Amino acid sequence: MPRPTQARGVSSDATQLAAWYASVPVITRTLVTATVATTLAARLYLVSPYLLGLYWPPIWNRFQIWRLVTGFLVHKSHIHFFNIMFMFIMLYQYTIDLERGEFAGRGADFAWFIVFCMSTMSGLAWLTSTISLAEGVLLTVITLWSLHRQEQIVSFYFGFKFPARYFPYAIIALEFVLDHGSIPYAMVYGWVAAHLYYYLS
């Protein structure tokens, strides 16, 4: 007799999960799902990471145009898995805040924000041959979120609290430290793109 009860419990959990997933706004759901799926596929070598980066010669010479999208969805291969999971959580949290807040009922405008920032970052990335820009997408979302909530207090690692306007800089500084002093170009480009969007709109 316990088996049918257990089966019903599993079915109920699956139904609740499906209902929650369906309740996530469409832009957030699409962006987060695509980022998680693409990054995990690369990490598990289901797809070669070398086929996903925003690398321009194959785009021009071999017409590998999917790189124009996947380059913004795959995280750098050397990032620790724990840090990637943390980035997934932040991407979900701040993207859904924007879509339910500043872009509530304006899905097309939110999609345009994402496209504008990706286009801007792709141009900047060409200058430094940066091929992985998922961290940049995260920074576009966090930067725009912070620009709309500049005085809101946010909590950071180790209990540090400060106004939201400093949040993007804290993320960039942390990445600089974790990456052993390498400039996080993707994040810098995301910061630039979000500011351009904010002041031009």
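Values in this document were obtained by computation on a predicted structure and should not be read as measured data.
- Around CH2 of Trp126, the count of heavy atoms belonging to other residues, nucleotides or ligands within 6.0 Å does not exceed 12.
- A donor-acceptor contact under 3.5 angstrom links the side chains of Tyr189 and Thr128, judged on distance only.
- Other residues sharing a hydrophobic cluster with Leu46 under the 4.5 Å side-chain heavy-atom criterion for ILVMFWY residues are Leu44.
- Note: the hydrophobic cluster containing Leu73 does not contain Val47 (ILVMFWY, side chain heavy atoms under 4.5 Å, direct or indirect links).
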Ring pair (Phe, Tyr, Trp, His ring centres under 6.0 Å) between Phe86 and Tyr157, worked out: CA-CA 12 Å; Phe86 184 64; Tyr157 281 112; 5.3 Å; yes
Result block: side-chain N/O donor-acceptor pairs under 3.5 angstrom for residues 90-97, not counting sequence neighbours:
from, atom 1, to, atom 2, distance (Å)
Thr95, OG1, Leu91, O, 2.5
Asp97, OD2, Trp145, NE1, 3.3

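- No single ILVMFWY cluster, assembled from side-chain heavy atoms under 4.5 Å apart, contains both Tyr55 and Leu68.
- Dense packing is recorded around CZ of Phe88, with more than 12 heavy atoms of other residues, nucleotides or ligands lying under 6.0 Å away.
- Atoms CZ and OG1, on Phe167 and Thr143 in that order, are 9.5 Å from each other to the nearest 0.5 Å.
- Residues passing the salt bridge (Lys or Arg N to Asp or Glu O under 4.0 Å) test with Arg100: none are found, sequence neighbours excluded.
- Under the 4.0 Å criterion applied to side-chain N and carboxylate O atoms, Arg149 and Glu102 are assigned as salt-bridge partners.
- The hydrophobic clustering, which links ILVMFWY residues whose side-chain heavy atoms are closer than 4.5 Å, places Phe116 and Met121 together.
- A donor-acceptor pair shorter than 3.5 Å can be found between the side chains of Tyr21 and Thr33.
- Shown here is Phe156, whose CZ atom has more than 12 heavy atoms of other residues, nucleotides or ligands within 6.0 Å.
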I'd like to know whether Phe81 forms a side chain to side chain contact (heavy atoms under 4.5 Å, CB included) with Leu40, so could you lay out the CA-CA distance, the side-chain angles of the two residues, the decisive distance to 0.1 Å, and finally the verdict. CA-CA 10 Å; Phe81 189 73; Leu40 291 182; 3.7 Å; yes
